[in-house]
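Down below is the structure, laid out as structure tokens.
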Amino acid sequence: MLQTTYIREHRDLILERYKKRNFDGEEIINQIIKLDDDRKSTQQALDAQLAEGNKLAKEIGQLFKEGKQQEAIAAKEQTKTLKESGVLLKEEQNKIAEELKGLLYQLPNVPNEIVPPGKSEDDNETIFEEGDIPVLHENAIPHWELAKKYNLIDFELGVKITGAGFPIYRGKGARLQRALINFFLDQATENGYEEVIPPLMVNEASAYGTGQLPDKEGQMYYMPEDNLYMIPTAEVPITNIYRDVILKENDFPIKNTGYTPCFRREAGSYGSDVRGLNRLHQFDKVEIIQIQHPDKSYETLDNMVEHVKGLLNKLELPYRVLKLCGGDLGFTAALTFDLEVYSTAQEKWLEVSSVSNFETFQANRLKCRYKDTGGKMQLVHTLNGSALALPRIMAALLENNQTEAGIKIPKALVAYTGFDIIN
RNA sequence: GGAGAUGUGGCAGAGUGGUCGAUUGCGGUAGUCUUGAAAACUACUGUACUGCAAGGUACCGGGGGUUCGAAUCCCUCCAUCUCCGCCA
């Protein structure tokens with residue numbers, strides 16, 4: 001959520017940047033500014049009334065103390081009309097505040113200057129590529145067939161237990177999955193991230209804090225009985241650690257990592273995109289998040305991308321880094337880099353990580369601030385990234401490393417799997 | 001799940017209807033003193049909105065209510081603690 005004062009001061013810049021998203025915010029922003037004016041004037045009127053009421057109340061108290069009953073009762077009469085108009089003003093005030101909030105929730109984050117304009121993922125910029133696409137033997141098959149052939153993942157059994165999109169990993173498949181999780185966590189820890197194991201369900205306040213609510217209810221599983229949401233990503237519980245927190249300048253940067261399963265309803269998804277591991281309702285992911293000083297957050301964003309690149313290098317997977325265009329940029333992000341690995345048997349790129357700087361957009365909702373050297377409260381910048389999302393990594397590993405003799409495990413993982421080939 | 005108790009500023013802990021945004025102690029910041037440090041002393045020390053400013057308003061777990069006036073009374077939700085039940 002953008003701050004009202006920021007909107008007032010940077011109206012034109014915001015509107016200009018919104019063009020990168022193909023988002024026309026002019027009307028909303030004009031309304032916001034107008035409503036904010038209303039808010040101020042109503043507040044002033046209300047404050048004046050309350051001040052008058054407070055003054056009278058004090059006088060009445062004084063009169064009672066002095067035993068001047070008559071005068072006190074007379075003064076009480078005065079407060080009546082004051083109270084009535086006060087109630088009206090209060091209602092007005094609430095209504096305005098509500099509307100204002102509703103509008104503020106509709107404004108996406110302001111894209112960074114370097115975000116390329118564009119309509120869809122086709123307009124994303126490839127800024128880096130690494131690794132050669134392997135040439136597979138002629139009997140090469142996609143990962144869902146490999147999973148079956150080597151008894152690594154049972155999709156049908158998952159359907160029986162729960163439903164589509166909840167696979168069961170077994171044997172070396174389960175072991176490989178666990179190996180990846182541990183590998184990713186160890187790598188993050190080596191890079192200075194503190195590991196946390198957060199709750200897998202969050203309350204409403206947390207879902208609002210990172211921007212899942214309002215609007216994205218449909219993406220999350222919800223337990224009405226307890227008013228809790230299953231997390232769609234570890235970003236939600238981990239970033240919310242810093243909700244309502246005031247940091248010191250020397251606390252920066254805060255670095256956390258965490259492994260969690262992620263739950264997504266993915267309503268409306270269909271087709272070849274959901275085949276095998278490509279899109280699931282439950283999947284594993286290791287997330288990295290940082291809370292950073294606004295002056296350093298872009299440097300940090302680069303560091304995080306480098307970290308993820310390092311993981312892919314060690315896994316020896318061919319990958320590319322994309323700078324997302326405005327049209328593909330998430331609602332809450334100011335700048336995002338996606339990392340995609342090449343799935344050789346499917347002959348397509350699969351997104352395995354998304355690394356974003358949210359600047360103050362989340363911090364404003366989270367009320368995560370720090371005192372600057374001048375003693376003023378400032379919002380922090382929040383960042384996060386997948387490092388990494390497991391299923392598509394698994395898919396690419398299985399497909400790209402298949403040989404007539406079996407599936408080879410990259411060297412970096414062997415210490416974690418305990419085997420170097422699946423056959 | 002049942003019964004009871006509690007929820008105040010960074011922490012501890014006063015405050016049971018009126019001048020309380022809140023006594024006090026600790027902590028923190030600045031200063032005096034000192035060669036330096038400690039100690040002692042002095043001052044300052046919550047957040048947000050609003051105003052050029054002086055100031056005003058709101059906030060004592062959240063929400064609502066009673067009252068001229070609420071941290072203080074009532075309702076409700078949440079959290080914590082104790083006891084009982086259940087249980088990985």
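Since the structure is predicted, the reported quantities are computational estimates derived from the model, not experimental observations. Just so we're on the same page: letters track the sequence lines, and every chain starts at 1.
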Exercise. Does any nucleotide pair with B:A37 by Watson-Crick or G-U wobble geometry, both distances under 3.5 Å, and what is it?
Worked result: none
Problem set entry | First of A:Gly53 and A:Asp36 reached from the 5' end of RNA chain B, by closest nucleotide | A:Asp36
Exercise. For atom P, what is the distance between B:G46 and B:G9, given to the nearest Å?
Worked result: 13 Å
Exercise. Roughly how far, to the nearest 0.5 Å, is CG of A:Leu301 from CZ of A:Phe358?
Worked result: 9.5 Å
Problem set entry | Quiz item: cation-pi between A:Lys172 and A:Phe419, 6.0 Å / 45° | yes
For this session: Remember a base hit wins even if backbone is also touched, and classify A:Lys248 as base, sugar-phosphate or nothing at under 4.0 Å, heavy atoms.
Result: nothing
Exercise. For atom P, what is the distance between B:C68 and B:A53, given to the nearest Å?
Worked result: 36 Å
For this session: Not counting sequence neighbours, list each pair that qualifies as a ring pair (Phe, Tyr, Trp, His ring centres under 6.0 Å) and has a residue in residues 3-55 of chain A.
Result: A:Tyr6-A:His10, A:Tyr18-A:Phe23
Exercise. Starting at CD of A:Glu204 and ending at C1' of B:G63, how long is that distance when rounded to a whole Å?
Worked result: 14 Å
Problem set entry | Under 3.5 Å on both distances, the Watson-Crick or G-U partner of B:C73 | B:G65
Problem set entry | Any side-chain donor near an acceptor of the partner, A:Gln282 and A:Tyr221, under 3.5 Å | no
Problem set entry | Length of the CG-P vector between A:Asn364 and B:A48, whole Å | 12 Å
Problem set entry | For A:Glu235, all residues meeting salt bridge (Lys or Arg N to Asp or Glu O under 4.0 Å), sequence neighbours excluded | none
Are any protein N/O atoms closer than 3.5 Å to N/O atoms in nucleotides 16-18 of chain B? If there are, list each pair with its distance.
{"from": "B:G18", "atom 1": "N2", "to": "A:Ala57", "atom 2": "O", "distance (Å)": "2.7"}

Problem set entry | C1' spacing across the pair B:A54 / B:C59, given as an integer number of angstrom | 23 Å
For this session: Both distances under 3.5 Å, Watson-Crick or G-U wobble: report the partner of B:A43, or none.
Result: B:U29
Seminar exercise, completed: Here the distance between atom C1' of B:G10 and atom NZ of A:Lys371, to the nearest Å, is 10 Å
Problem set entry | Euclidean distance, atom CG of residue A:Asn94 to atom P of B:G63 [Å, nearest integer] | 12 Å
Exercise. For A:Gln3 and B:A48, what is the distance between atoms CD and C1' respectively, to the nearest whole Å?
Worked result: 12 Å
Seminar exercise, completed: In short, A:Val236 meets A:Ser206 closest at the heavy-atom pair CG1-O, 3.9 Å
For this session: Go ahead and name the base partner of B:U57; Watson-Crick or wobble counts if both distances stay under 3.5 Å, otherwise write none.
Result: B:A48
For this session: Give a yes/no answer on whether the side chain of A:Arg369 brings an N or O atom under 4.0 Å of OP1 or OP2 in B:U47.
Result: no
Exercise. Using the C1' atom in both, what is the distance from B:A58 to B:G13, to the nearest Å?
Worked result: 25 Å
Exercise. Considering only the C1' atoms, how many Å lie between B:C33 and B:U42, rounded to the nearest integer?
Worked result: 11 Å
Seminar exercise, completed: Atom CG of A:Asp38 and atom C1' of B:C49 are separated, to the nearest Å, by 16 Å
Problem set entry | Complementary nucleotide of B:C87, counting Watson-Crick and G-U pairs under 3.5 Å | none
For this session: Please confirm whether A:Tyr229 and A:Phe263 have ring centers closer than 6.0 angstrom.
Result: no
For this session: Side chain of A:Arg39 only, please: which of B:C68, B:A48, B:U50 is the nearest?
Result: B:U50
Exercise. With both distances under 3.5 angstrom, what nucleotide forms a Watson-Crick or G-U wobble pair with B:U16?
Worked result: none
Exercise. Would you call the rings of A:Tyr105 and A:Tyr208 parallel, tilted or perpendicular, where under 30° means parallel and over 60° means perpendicular?
Worked result: tilted
Problem set entry | Same-atom distance (C1') from B:U32 to B:A39, integer angstrom | 13 Å
Seminar exercise, completed: Residues at least two apart in sequence or cross-chain that pass salt bridge (Lys or Arg N to Asp or Glu O under 4.0 Å) with A:Glu399, listed by chain then number, are none
For this session: Would you mind pulling out the nucleotide paired to B:A5, Watson-Crick or G-U wobble, both distances under 3.5 Å?
Result: B:U80
For this session: Kindly state whether the ring of A:His307 and the ring of A:Tyr193 have centres lying under 6.0 angstrom apart.
Result: yes
For this session: Could you tell me the separation between the CD atom of A:Gln49 and the C1' atom of B:U50, rounded to a whole number of Å?
Result: 16 Å
For this session: Any chance you could list the contact pattern along nucleotides 54-62 of chain B? Use B for base contacts, S for sugar-phosphate-only contacts and - for none, protein heavy atoms under 4.0 Å, 5' to 3'.
Result: --BSS----
For this session: Rounded to the nearest angstrom, tell me the gap between atom CD1 in A:Ile246 and atom P in B:G28.
Result: 19 Å
Exercise. What interatomic distance, in whole Å, is found between C1' of B:A12 and the corresponding atom of B:U8?
Worked result: 12 Å
Problem set entry | Integer angstrom distance from the P of B:A14 to that of B:C73 | 16 Å
Exercise. Who pairs with A:Arg8 by salt bridge (Lys or Arg N to Asp or Glu O under 4.0 Å), at least two apart in sequence or on another chain?
Worked result: A:Asp36, A:Asp37
